[in-house]
Structures are given as C-alpha cells and as structure tokens.
Amino acid sequence: MARTSKKKQEVKKLPEKIYSTGIYARLSVDSSERKNESIETQVEIAKDFIGRQDDMELYEVYTDIGKTGTNFEREGFERMMRDVRTRKIDCIVVKDLSRFGRNHIETGNYIEKIFPFMGVRFVAVTDNFDSNDISGQGDTMGINLKNLVNEMYARDIAVKVKASRKAKWEQGGYTGGIPPYGYRAEWIGDKKCLFMQETTANIVKKIYELFLSGKNIKEIVAWLYVNKVVRPVQYHKTGQAYWQGEGELEQWSRATVKMILTNPVYMGCLVQGRTCGKDYMMRERHDIDSEDWSIKEHTHEAIVSENIFFEAAGKFEKSSVYCNKNGFSKKVPVDEDIFAGVLYCGDCGAKMKRVSAVKEFHSRDRVRTYSYKCPKTDRIDNFKCERKSITLCSLINIVKETIQQEFTLSGMRPKDLVEMNNRETEVLKEGWRAQLAMLDRKLEGIRLLGSEQYLKYRMGEMDEGSFKRAKVENDENIAAIREKSRVFAEKLRTIDSETVRKNHFLRTLTKGSGRGELTSEIIRTLIYRIEVYPEHRVKITFAFKRSELLTGKEGI
C-alpha cells in the first residue's frame, strides 16, 4: 500500500468563515494615561493579533482621540457601528476592554446583548477575551468584573480632574484651551495665567472705542476688513494679526465682535465653569446656573477698564429690550422654522437665513411675516454672494406644487405612501424606545453608584460631607435624566398623531388638493435639500428616488 505523503498530512484546514474585521482604538482625555495606551500601540497590537489569525481580514481602523470611555458618543465608534449595521464588518478587535469603554453597564450591554444579536464577534487581545470562545459563566463574570474595575477607575479620574480644575479656579488660573483674543497663556509653575498680547490687545481696544463712538457691529466688521485685520481663528493658526497677502482675507463674523464686547475677561475678570460636560454619567454638555460660576476678579491685566466694559454692556442691554422703535415685535411669538436644515443658497452653498418682521394692521392686529435670504450677501470680502431672497409663502407654494408633481408622475397610490410612512414611523418609534431604555440603564447606574457611596459612608471610608455632596449630585443627575425621559416619552406619544397628519398631507397631494399643511417632520421625511437661486428659482432634491416610489421602497 502506498504511504500517504507527509506534505499532504500537513495541509491546513481552511476556516469555515473569514471575518471582516475592524480595529477600534481610543485615547482618553486623561493626561496620565500610560505610554503603552497610545493609539499607534493599540492599533499595532490589534494588527499583530489579526495577522496571526486565519479567519480574519482587516477592513478598517476606527479611532477616537481625546474621548472619554464612560459614554459611547464618539465619532470613531459611531462610524464603526454604522459599518456594523451595514454588514461591512462582523468582527471588532480592541487592545483591551478599557479601550472599548469604562461604563460597565453599557460595555456589558454591547458585549453580551448587542453584538451577539447582530452576529458580531468581539475580541479584547490583552484580556484574552473572544466572544467566539466563552467557556462558561466564569468567563462572563470575569469580564463583568474587569468592566466594573474600569468604570471605577474612570469615576476616580473624573473626581480628581474636577477637583483639580476647581482648585485652579480658586487660584485664579485659566483652565481653558486657546486663550481669548488679545491674550497669550503661559504656565507659571502649575498655574496657567493670561498675559496681554500687545498687537491684538490694541485691536480689542479699538473695537470698544468704535462701538462706544456710535458704530454698530456691521460697521466695526467693515472697519476690521478695510484695515486688513485677520479673523481670530486665522490669527491663532498663523500668529499674524494682519493680512500678509497670502490666501484670501475673510471678514470677521458679527458674533465674534459681539463676544469680544461682552466678555468680562477683557476687564481682568475670569468667569469659568459656565458649562459642564464632565460629570460622571451625565456626559452631555449643559449650562450651569450663574450662581455656581467661578468668578475671580483682577486675575490678569485688563485690556479695557471696568467703566468702558460696563458702558458697552449697557448699550447691548438697552438694544435687547427694544427690537424696533415701537418696541412691540417681541410680543408676537416666533413660529417654528419648518425649513431649518434643508434650505441653502444655490450659488455659495450657505444655509439661508430666516428674517422676520411684524406688520400691524388698522385693526391693531399684528402678524409676523417671514422670508429667507443668503447670509453672505452682506459680506464685503471676496466671499460676498449675489443678493437673493424668497418669502416663506412663496417657498411653501413651490415646495407643495413640486411634491405634488413628483408623486403624480410616480403614479403612486395614496395607500402605498401611507404604508411607507407607517413603516418609517415604526422605525422611528423603535429608536425612541431604545433611547428610553438607555436612560433607564443610566438611572440604574446612578442608583448603583449611590449604594456604593452609602456603604463607603457607613464603613467610614467616606466622610459625611463628601457623602452628602455626592448624594446631591446623584439626585441632580437623576432629576435631569428623568426630565429627559419625560421629553422622550412625550415625543414617542406624539409620533402617532404626527403620522396621521403626514398621511393626510400625502393623500391630499396625490389627489391634487393643496390643502395639506407642511410641517418640519414632513419636509425632513420627503426632502433632502432645497437650493434657492436668483429670481425665485428653486431646486429641490428629494430624500428618495422616483424608482423607489414606483417600487414602494423606503426613501434613502
């Protein structure tokens, strides 16, 4: 009998499936992070692992730099999840679990529920975790324990960072990023201080001088452009306060001029802590009550005196009380802008700006009228755009007529449109339910945190003052989440009534009737973009294709 060759015995068995693999790497805002946590190191470790696997092919690398691990609202992570949903990848590799996330509830939810449901394999290299090779309950408990340790580390870091920032505020230190225009920032020991930068400080003084001499913000913008003063954002990039002839000279925005005229930093006062986005379990940036702001006077050299600053502030306060000489326009409420986010200038691509005016009739009734114009028509630099405008009434008539024509040409029956709308409604409702479920998980996390703090207090590991402050903070976070849950639940309840209105509108359009009312929800559902050109010419790009209407598919 012939002997089987050794070469044939060593033929490797091909894997049953090749995973399209994505690498995820994250570097947090913690400056004390170990060097071996760098993005490059994480990616290299993951690539080395994939290179040693027969059943993995690298598809893409997703990274987030300067992003905390206590929530999953990160650009790189969200891009990766979009590729997961579109089946571009079905395997995710990370260096370790802490790089994926430090919120043990959300991390566990992804690993144990979301990824298995979506058929995604998950690998944490240095933690020796592979979701395709879980031997039993012990592995799951070990992963949960590691996630909990990662979360406790993130919580400890957040507390230390917050305490450090408050201590610097008390010392009069500047804790922001780019210093305000007119100043430079330098470290004096462990304290960042502001020092006047002569060239830009003189420009700030001139802005105050022009404003108090009677010039309005538009005229100040013109003066800055004529005198070739570059915008602050460009100054911070180049270090040149005046245009040197390279590139295009752009005019200042009115908002920037107003900010300079209303920022107390220019009278030597630091106002910090006005917004917050670093509280544990409450990552969304939110405003802080003014009584809780950190206000320190005489922390640095003033560019303008207190008298000059408050004189300018007084002019703004006076102008905000009266909108016009009659002072009645604020009494007429402003309607929702139903075209917000979809209306653009066809020439320059800028978003059209809505302007309103109040008209008073002989009957003393007051009505607010609206129109749209390109915001770049008032510019004086090379980015000026041709003047164009359109009234809200004209725009509504054009859009309704175009939508009606599109559906008439498609030959689609009202029944088909209603079914399509109902399917989209169910998808929307499912999204809101998912948001509510996420908020419930956050509430559970805060309750768990409160229980841990109470145990530490009872065991003497936390003093009474710290425990009470922590309890107040937890109660505030719980109240904020409950309010958000109430808003989400209300939106969920109103979806059905909005769907009824949409269906009625679609039926009236296909029947040739123009009685249907346009709403922002209807516009966002049907229209992707509207471009306005001179002489009231309008181009509408729908959020669907005519072939999709004919086949009854959902819009893109």
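Position 1 is the first residue of the sequence; numbering continues from there.
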Does the structure place the NZ or CZ of R121 under 6.0 Å from the centre of the six-membered ring of Y19, at an angle of no more than 45° from the ring's axis? yes
So, using side-chain hydrogen bond (donor to acceptor under 3.5 Å, both in side chains) as the criterion, who are the partners of E430 when residues are at least two apart? R433
Under the rule for ring-ring contact (aromatic ring centres under 6.0 Å, His included), what residues qualify as partners of Y59, not counting sequence neighbours? none
Taking the side chain from D127 and the backbone from F129, do they hold a donor-acceptor pair closer than 3.5 Å? no
Any donor-acceptor N or O pair under 3.5 Å, side chains Y457, D463: no
When you measure from the centre of the six-membered ring of Y344, is the NZ or CZ of R529 closer than 6.0 Å and no more than 45° off the axis? yes
Who passes ring-ring contact (aromatic ring centres under 6.0 Å, His included) against F49, sequence neighbours left out? none
From I50 CD1 over to I45 CD1, what is the distance, rounded to the nearest 0.5 angstrom? 12.0 Å
Under 4.0 Å between a side-chain nitrogen and a carboxylate oxygen: does that hold for E464 and K468? yes
Is it true that a side-chain atom of D96 and a backbone atom of R99 form a donor plus acceptor pair closer than 3.5 Å? yes
So, Q453 and N474: side-chain donor and acceptor under 3.5 Å apart, yes or no? yes
Would you say the side chains of R74 and Y24 form a donor-acceptor pair under 3.5 Å? yes
